[in-house]
Colleague: 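The structure under discussion is supplied below as structure tokens; questions concerning it will follow.
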Amino acid sequence: MVAGRRLNPSQESTTPSPPSGAPGLATLRSLPEVFRYTRHALELVWATSRPLTIALALLTLVAGTLPAAIAWVGALIVDAVVAAIGAHAKSGVADLGPVLRYVALEGVLVAALAATQRGLSTCQSLLRAQLGQRVNEMILEKALTLELRHFEDSEFYDKLTRARREASTRPLSLVMRSFGLVQNAIALVSYGILLAQFSPWAVLVLLAAGLPSFVAEAKFSGDAFRLFRWRSPETRMQMYLETVLAREDHAKEVKLFGLGPLLLGRYRAIFRKVFAEDRALTIRRDTWGFFLGLVSTTAFYAAYAWIAVSAVRGGITLGQMTMYVLLFRQGQAAVSASLAAISGMYEDNLYLSTLYDYLDTPVDAAGGSATSGPSPGDGVRFEHVGFTYPGATEPAVADVSFQLKPGESLALVGENGSGKTTLIKLLARLYVPTSGRITLDGLDLAEWAPVALRRRVGVIFQDFARYQFMVGENIGVGDVRHFEDEARWRVAAELATAAPFVEELPSGYRTQLGKWFREGRELSGGQWQKIALARAFIRDGADILVLDEPTAAMDARAEAQVFEQFRELARGRMVILISHRFSTVRMADQILVIQGGRILERGDHEALMRRDGLYAHLFSLQAQGYR
Ligand code: ADP
């Protein structure tokens, strides 16, 4: 967070000055940005592979010095040839020895340069895969430490997407460009030393001619990055549309509702908008690039004339002339390569800032360290609990108090959106209450070690995940300790009445689910719910079981059977149940009727019926439906 702050998109996007035409000197002031993340990138590469990093550094050194040596030997060849021609004209004999030796030497040097360059690209290829993997692991490891609220926050999600999309290739690019810069700098110094013998002014001309191009490059790189940030929401929408249009779980509705052309139209519209901006920037960038490139060409030919005139006047030999012209030409190439490297580094740095922005996302201290509470018989207590979702104006839960002791069951009843699931999320500590407190065994949840707490609570959410793993593993996810334990899968499936249909699948518990993989099977909604229930049953260490609409998609007989099993299992444990089926709800020891996040009525079935309030009303409504 610290390092990326200055590049924060929210600060920039409040005053989105559109990229203006002319490059400015302001760009140069931000030059330190260029090196800001280079250190991070180097550390990453070093940590990924030391031998490769060392090899890269050595090869870079060699590749930097060889070109000047080659130019120098070239001059020696020309001068040796001129001397031999002179000797031949004078005496009729010429010693070819020096000429051939120099030619051979140049050949060896050129071969060495080719070998170094090949070595560099080999190192780069080897590093690319390892570094990409490493950065992706860092991104995923960080994701594991994040809280639910992060994933539900669109700005944060943006960061994650940007980090994932770009940053895994950028660190290598940044390091390669840094090494490239060093290589070109070494080459330039060696050219400079040779060229200074002709004239120090020539060295100055060489450097000055590249400057305007650099300023332009740096500015346009910055513009490109700002564009990239501003349009992040659009790119995200485009990615989402791709998912909707091309994934099996959406295909059904897309076809039936004829959504395809509509969504594709949106997809195209986003591209057109984005492309128009890109095109404008590309054209501006290339136009400036062309005109500023002319400055370099002019400088080169002026220097060429100057060197040629010196040779004609006899100030330098023919060999020296060839060398200086070559040095000037290569020097110019090295200057523009360095400048391109710097502007590329500027871009990489900006992109890398998104990675570190993400990696540095502060995560709240991870709760307490207690693994047991002072009074185990106390169970779960909500004390005036209130909660408002981040960014929401109305509380989703307000002033909720109740107690649930071991061996008891509690049902939550209420309309959609009344706050039932939120209560469960608070209990599972996916969120922290904004007011009041929740205790387990007499100890505030905040003081419990997250691992100990999670082990005690088993929640099957309404929108439970349908993993594209084996059937058995889909049960095993309920308890990581038994993830691959087939014997336990069977027991849990038995209890959840899932065993009969699982055993009929082609490979039983080892049948692959989901369409992403070969021979993946699909289950019906009710079958999936039984699998989800089995997750609750396999989690035998948990003594607080929470089921959010666990049987909504099951047939009536399956539901009755499941609850029979569940009552068995629930002995001595705490069970919280959310259901719209009153046949299920009425079995609970305690029923809370929730409305607008508050408890409206409480009691057992008989008491609530006698009260003749909302519960009694809803119950008779549903009973009528069955008559
Ligand atoms: P229920 O489970 O009773 O159907 P929820 O607890 O899911 O209701 O939702 C209660 C209220 O909180 C609703 O008004 C809903 O819009 C809001 N809400 C639920 N989840 C979120 C969330 N992740 N972010 C913001 N608001 C939410």
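Every number for a ligand or one of its atoms is a count from 1 in the order of the listing.
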Colleague: Which is closest to atom 10 (C) of ligand 1 by heavy-atom distance: G417, G391, P390?
Modeller: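 Looking at heavy atoms only, G417 sits closest to atom 10 (C) of ligand 1.
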
Colleague: Report yes if G419 has an N/O atom closer than 3.5 Å to an N/O atom of ligand 1; otherwise report no.
Modeller: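 Right, the criterion is met.
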
Colleague: Does either side chain, that of E473 or that of Y467, offer a donor lying less than 3.5 Å from an acceptor on the other one?
Modeller: no

Colleague: Is the shortest side-chain N to carboxylate O distance from R456 to D441 below 4.0 Å?
Modeller: yes

Colleague: Among all protein heavy atoms, pick out the one at the shortest distance from atom 23 (N) of ligand 1; state its residue, atom name and that distance to 0.1 Å.
Modeller: E152 OE1, 2.9 Å

Colleague: Could you tell me whether ligand 1 has any atom less than 4.0 Å away from a heavy atom of S418?
Modeller: yes

Colleague: Would you please say whether a donor-acceptor pair under 3.5 Å links the side chains of Q238 and E234?
Modeller: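 Checked: Q238/E234 side chains show no N/O donor-acceptor pair below 3.5 Å.
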
Colleague: Say whether F151 and ligand 1 are in contact under the criterion: heavy-atom distance to a ligand atom below 4.0 Å.
Modeller: no

Colleague: Going by a strict under-4.0 Å cutoff (protein heavy atoms only), does atom 5 (P) of ligand 1 have a neighbour on the protein?
Modeller: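 Given the 4.0 Å cut-off, atom 5 (P) of ligand 1 counts as touching protein heavy atoms.
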
Colleague: Short check: is a protein heavy atom less than 4.0 Å from atom 15 (C) of ligand 1?
Modeller: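 Within 4.0 Å: no protein heavy atom nearby.
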
Colleague: Is any side-chain N of the basic residue among D348 and R170 closer than 4.0 Å to the acidic one's carboxylate O?
Modeller: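 Yes, charged N to carboxylate O under 4.0 Å.
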
Colleague: N416 heavy atoms, cut-off 4.0 Å: which ligand 1 atoms fall inside?
Modeller: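 Answer, ordered by atom number: 4 (O).
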
Colleague: Tell me: protein heavy atom nearest atom 21 (C) of ligand 1, and distance?
Modeller: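 Result for atom 21 (C) of ligand 1: Y389 CZ, 3.2 Å.
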
Colleague: For W528 and E522, does a side-chain donor sit closer than 3.5 Å to a side-chain acceptor?
Modeller: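 Yes, because at least one side-chain N or O of W528 sits under 3.5 Å from a partner of the opposite role on E522.
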
Colleague: Classify the ring geometry between Y431 and F387 as parallel (under 30°), tilted (30 to 60°) or perpendicular (over 60°).
Modeller: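 The arrangement is tilted - the two ring planes meet at 30° to 60°.
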
Colleague: Just to check, does A392 reach to within less than 4.0 Å of ligand 1 when the distance is taken from its heavy atoms?
Modeller: no

Colleague: With atoms numbered from 1 as shown, which atoms in ligand 1 lie under 4.0 angstrom from a non-hydrogen atom of A396?
Modeller: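 Within the 4.0 Å cut-off of A396, ligand 1 contributes 11 (C), 12 (O).
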
Colleague: May I ask you to identify, for Y431, whether its side chain, its backbone, both or neither come under 4.0 Å of ligand 1 on a heavy-atom basis?
Modeller: side chain

Colleague: Does E415 have a non-hydrogen atom less than 4.0 Å from ligand 1?
Modeller: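 A heavy atom of E415 does come that close to ligand 1.
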
Colleague: Just by distance, with hydrogens left out, do Y615 and H605 show a side-chain donor and acceptor under 3.5 Å apart?
Modeller: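 Yes, because at least one side-chain N or O of Y615 sits under 3.5 Å from a partner of the opposite role on H605.
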
Colleague: Indicate yes or no: does R490 engage E486 in a salt bridge with an N to O separation below 4.0 Å.
Modeller: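 Yes, charged N to carboxylate O under 4.0 Å.
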
Colleague: Please report which non-hydrogen protein atom sits nearest to atom 9 (O) of ligand 1, along with the residue it belongs to and the distance in Å to one decimal place.
Modeller: T422 OG1, 3.7 Å

Colleague: So do D604 and I591 actually touch side chain to side chain, heavy atoms under 4.5 Å?
Modeller: no

Colleague: Do Y358 and Y356 have ring centres separated by under 6.0 Å?
Modeller: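 No: the rings miss the under 6.0 Å criterion.
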
Colleague: What protein heavy atom sits nearest atom 2 (O) of ligand 1, and how far off is it?
Modeller: T421 OG1, 2.5 Å

